[in-house]
There are 2 protein chains.
Amino acid sequence: MDAQMKRGLLEACVLSLLLKGDSYGYLLIQEVSALMPISESTLYPVLRRLEAAGQLTVYSREHNGRLRKYYAITENGKAQIQSFLKEWEDVNRVYTFILTATTKEENTHE
Amino acid sequence: MDAQMKRGLLEACVLSLLLKGDSYGYLLIQEVSALMPISESTLYPVLRRLEAAGQLTVYSREHNGRLRKYYAITENGKAQIQSFLKEWEDVNRVYTFILTATTKEENTHE
DNA sequence: ATATAATACTATACGCCGTATAATATTATT
DNA sequence: AATAATATTATACGGCGTATAGTATTATAT
């Protein structure tokens with residue numbers, strides 16, 4: 001997927017994944033990868049940003065003798081998903097315009 | 001609209017507007033503004049990029065005693081819109097995931 | 001036993017692109 | 001005479017996805 005198109009989508013995607021329960025970096029990478037290509041160097045900064053924005057909290061738990069960082073979505077984070085969905089209405093309006101313009105263009109060739 | 005969400009959308013939007021006929025900077029700004037907020041400092045670089053990519057061509061015509069730059073979409077540009085629409089399928093898949101995850105989350109509170 | 005893969009996270013430098021701000025110049029309107 | 005509308009360009013900034021690379025532990029395969 002084109003890098004430009006990921007912008008704004010990624011954070012909402014990560015937050016949505018956390019809705020079904022706390023998770024950690026490595027697992028999140030696998031889960032996000034099922035939806036779009038992602039590298040560690042993209043995901044971890046996203047997690048840092050979401051934490052700084054109070055949209056998720058971080059805590060450590062021991063796992064196989066090591067500390068693993070778990071990420072939990074906050075109420076703030078849930079509200080952020082709603083904001084995203086609302087913003088997306090505008091995006092979809094533009095997309096619909098492009099689609100319509102393209103369809104009309106095709107018709108002029110008939 | 002959030003700046004991140006415009007990325008990738010803007011170029012396709014401008015190209016789509018040119019499908020119905022050649023246009024010029026000032027008019028394009030008005031037309032794009034109807035779909036999303038845009039400033040000159042965003043649009044003109046977009047036009048330069050599209051020109052560099054061979055997706056539009058530029059020519060000058062006199063208008064009210066002054067030269068005005070007109071922009072015309074190329075076949076390359078039309079193909080780019082199609083590429084955009086195809087890429088957008090991936091974007092929509094992620095959006096649908098977020099929407100579904102949010103709906104499920106709401107259900108757990110019922 | 002040891003090499004390899006999987007797990008788990010961090011750091012740095014780069015490049016794209018939307019934005020604010022500002023400058024320039026002409027024509028139309030009040 | 002002043003102001004708004006028309007029309008375009010330049011510069012510096014900041015957000016963020018990416019490539020690349022480094023570090024460290026545990027499980028699996030040969």
Side-chain angles (χ1 to χ4, degrees), chain A residues 1-15 17 22-53 55-56 58-71 80 83-84 87 90-91 94, chain B residues 1-15 17 22-33 35-53 55-56 58-71 80 84 87 90-91 94:
Chain A
M1 189 189 300
D2 184 73
Q4 311 305 330
M5 297 199 182
K6 289 186 186 175
R7 302 199 181 225
L9 256 188
L10 252 176
E11 298 191 0
C13 183
V14 169
L15 288 174
L17 282 166
D22 300 354
S23 189
Y24 52 97
Y26 198 80
L27 180 57
L28 283 169
I29 287 171
Q30 319 304 316
E31 293 177 326
V32 173
S33 291
L35 293 160
M36 61 179 134
I38 180 125
S39 65
E40 309 96 303
S41 55
T42 297
L43 180 71
Y44 287 107
V46 166
L47 291 171
R48 294 295 92 79
R49 282 201 299 278
L50 292 176
E51 184 189 4
Q55 286 161 20
L56 55 76
V58 189
Y59 61 90
S60 291
R61 280 282 180 285
E62 197 183 315
H63 177 79
N64 277 343
R66 278 192 290 179
L67 282 182
R68 181 191 270 169
K69 283 188 183 174
Y70 284 89
Y71 303 91
Q80 182 54 35
S83 294
F84 166 82
E87 284 260 23
D90 299 328
V91 174
V94 178
Chain B
M1 189 188 302
D2 185 74
Q4 311 305 328
M5 296 198 183
K6 290 187 187 175
R7 301 199 180 223
L9 256 189
L10 252 177
E11 298 191 0
C13 183
V14 169
L15 287 174
L17 281 166
D22 300 353
S23 189
Y24 53 96
Y26 197 80
L27 180 56
L28 282 169
I29 287 170
Q30 320 302 316
E31 293 177 325
V32 174
S33 291
L35 292 160
M36 59 180 137
I38 181 127
S39 65
E40 311 96 303
S41 55
T42 296
L43 181 71
Y44 287 106
V46 166
L47 292 172
R48 294 295 92 77
R49 281 200 300 277
L50 292 176
E51 184 189 6
Q55 288 160 20
L56 55 76
V58 189
Y59 60 90
S60 291
R61 280 282 178 287
E62 196 182 316
H63 177 79
N64 276 345
R66 279 191 290 179
L67 282 182
R68 180 191 270 169
K69 284 189 181 174
Y70 283 89
Y71 302 92
Q80 181 56 33
F84 166 83
E87 284 259 21
D90 298 328
V91 173
V94 179

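Values below: every heavy atom of this structure, side chains too, minus hydrogens, waters and symmetry copies. As the structure is a prediction and not an experimental result, all values here were calculated from the model. In what follows, every chain begins at residue 1, and chains take the letters A, B, ... in the order their sequences are listed.
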Student: Check whether any side-chain N or O of A:Q4 sits under 4.0 Å from OP1 or OP2 of C:dC17, and answer yes or no.
Tutor: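 Yes.
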Student: Which of these nucleotides, D:dG17, D:dG15, D:dT8, is closest to any side-chain atom of B:R7?
Tutor: D:dG15
Student: From CE of A:M5 over to P of D:dT18, roughly how many Å is that when rounded to an integer?
Tutor: 13 Å
Student: Provide, to the nearest angstrom, the distance between the CG atom belonging to B:L9 and the C1' atom belonging to C:dG18.
Tutor: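 To the nearest whole Å, that distance equals 13 Å.
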Student: Taking donor-acceptor contacts at under 3.5 Å, does the side chain of B:R49 reach the base of C:dC17?
Tutor: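 Not at all, since no donor on one side and acceptor on the other fall under 3.5 Å apart.
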Student: Does the side chain of B:S23 come within less than 4.5 Å of B:L17's, by heavy atoms?
Tutor: no
Student: What nucleic acid atoms does A:L10 come within less than 4.0 Å of, heavy atoms only: base, sugar-phosphate, or nothing?
Tutor: sugar-phosphate
Student: List the residues meeting ring pair (Phe, Tyr, Trp, His ring centres under 6.0 Å) with B:Y44, not counting sequence neighbours, and say none if there are none.
Tutor: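 With sequence neighbours excluded, B:Y44 shows a ring pair (Phe, Tyr, Trp, His ring centres under 6.0 Å) to no residue whatsoever.
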Student: To the nearest angstrom, how far is B:L27 atom CG from D:dT6 atom C1'?
Tutor: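 Distance, rounded to whole Å: 11 Å.
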Student: How are the rings of B:Y24 and B:Y70 set to each other: parallel, tilted or perpendicular (split at 30° and 60°)?
Tutor: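 Ring orientation, 0 to 90° scale: perpendicular.
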Student: Round to the nearest Å and state the distance from A:E11 atom CD to D:dG15 atom C1'.
Tutor: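 After rounding, the gap between these two atoms is 10 Å.
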Student: Is there a side-chain contact between A:R48 and the phosphate of C:dT10, meaning an N or O under 4.0 Å from OP1 or OP2?
Tutor: yes
Student: Just how far, in rounded Å, is P of C:dC9 from CD of A:Q30?
Tutor: 11 Å
Student: Can you give me the closest heavy-atom contact between A:M1 and B:D90, atom names plus distance?
Tutor: CE-CB, 3.6 Å
Student: Return the set of residues passing salt bridge (Lys or Arg N to Asp or Glu O under 4.0 Å) with B:E40 (not counting sequence neighbours), or none when no residue passes.
Tutor: none
Student: Rounded to the nearest Å, what distance is computed from the OH atom of residue A:Y26 to the P atom of nucleotide C:dA6?
Tutor: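 A:Y26 atom OH is separated from C:dA6 atom P by 7 Å.
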Student: What does the list of N/O pairs under 3.5 Å between the protein and nucleotides 20-22 of chain C look like, with a distance for each?
Tutor:
| from | atom 1 | to | atom 2 | distance (Å) |
| --- | --- | --- | --- | --- |
| C:dA20 | N7 | B:S41 | OG | 3.0 |
| C:dA20 | N6 | B:S41 | OG | 3.3 |

Student: Answer yes or no: is there a donor N or O on one side and an acceptor on the other, between the side chain of B:E87 and the main chain of A:D2, under 3.5 Å?
Tutor: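 It does hold such a pair.
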Student: Separation of A:L67 atom CG from D:dT26 atom P, in whole Å?
Tutor: 12 Å
Student: Quick check on D:dT9: is either OP1 or OP2 less than 4.0 Å from any side-chain nitrogen or oxygen of B:Y44?
Tutor: no
Student: So, do A:F84 and B:M5 sit near enough that their side-chain heavy atoms are less than 4.5 Å apart?
Tutor: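 A side-chain contact exists here, since the closest heavy-atom pair is under 4.5 Å.
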Student: Mind calculating the distance between OH (B:Y24) and P (D:dT9) to the nearest angstrom?
Tutor: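 Atom OH in B:Y24 sits about 15 Å away from atom P in D:dT9.
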